[in-house]
Amino acid sequence: MSLSKLALACSVALGAMTLALAPASYAATDTKTPAKAKAAKTTKAKAKAPAKAAAKPVAMPAEPNEEADEPDTTGSATTEFNCELGNKITIYSNEKDDSHIALRWQKRLHRLSRVGTTTGAHRFENRLYGLIWIGIPAKGMLLDSKQNRQLANECKDAQQAKPAVLVEAPASLGVVPPAGG
């Protein structure tokens, strides 16, 4: 028998053993308890249940989730944004709390929390609903982090929608005015 045939026969045998022993190895790691042991545990648990019920303390109500609750917008400054495709966004901001905003999107009011950035952009997130508002001086955009898509882009308030004013460069910068004009 040649060496290559021997190596092939060993690899086939090893593969067959692996497949044959795989179900046995899974059965050894099975964490289910036998039926008799399970039945014994349930009778013990039933005997202890009345004692535990009497000693069980009253459950405290869950802490309110600020991102899930609709924020209060009384006394907040309102900024209306008109976006492309006819979308509209309203942002309510409070001078006393610059770490949160309320954002109205499609007839729903969401509370967003500020996230720090290194670029200077204003970024607010609501992780529960997956909303991200990014505001830069030229525009704002609303993103959906759960579906990885833009909800609204080119959102501009009244100040941002004004056309930019052209400013002529001073002569000291070496800019030559166009000829003929």
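No hydrogens, no waters, no symmetry mates; every other heavy atom, side chains included, goes into these values.
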Pairwise distance CD(Glu80) to CZ(Arg104) - rounded to 0.5 angstrom
9.5 Å

Less than 4.5 Å apart, side chain to side chain, heavy atoms only: is that true for Ile132 and Arg123?
yes

Gap separating the CD atom of Glu154 from the CG atom of Leu85, nearest 0.5 angstrom:
10.5 Å

To the nearest 0.5 Å, tell me how far Trp105 CH2 sits from Asp144 CG.
10.0 Å

State, to 0.1 Å, how close Lys146 and Leu128 come at their nearest heavy-atom pair, and which atoms those are.
NZ-O, 2.6 Å

If every non-hydrogen atom of Cys155 is compared with every non-hydrogen atom of Trp133, which pair is closest and at what distance?
CB-CH2, 3.9 Å

So Val115 and Phe124, do their side chains get closer than 4.5 Å, heavy atoms only?
no

Do Asn94 and Tyr92 have side chains that approach each other closer than 4.5 Å (heavy atoms only, starting at C-beta)?
no

Over all atoms of both residues, closest heavy-atom pair of Asn153 and Cys83
O-CB, 3.6 Å

Taking all non-hydrogen atoms of both residues, which atom of Lys156 and which atom of Gln160 are closest, and how far apart?
CA-OE1, 3.3 Å

Side-chain donor-acceptor pair under 3.5 Å between Arg114 and His122, yes or no?
yes

Working for side-chain hydrogen bond (donor to acceptor under 3.5 Å, both in side chains), residues Gln147 and Arg149:
CA-CA 6 Å; Gln147 296 180 356; Arg149 66 184 182 105; 2.7 Å; yes

Quick one: do Tyr129 and Leu143 end up in the same hydrophobic cluster if we chain Ile, Leu, Val, Met, Phe, Trp and Tyr together by side-chain heavy atoms under 4.5 Å apart?
no

Are any of the side-chain heavy atoms of Lys139 and Phe81 separated by less than 4.5 Å?
no

Closest non-hydrogen atoms of Leu112 and Leu131, given as atom of the first, atom of the second and distance, are CD2-O, 4.3 Å

Would you say that Ile89 contacts Leu103 through its side chain, given a criterion of any heavy-atom pair below 4.5 Å between the two side chains?
yes

Output the distance between atom OG (Ser113) and atom CZ (Arg127), rounded to the nearest 0.5 Å.
9.0 Å

If I take atom CD1 from residue Ile101 and atom OG1 from residue Thr90, how far apart are they, to the nearest 0.5 angstrom?
11.0 Å

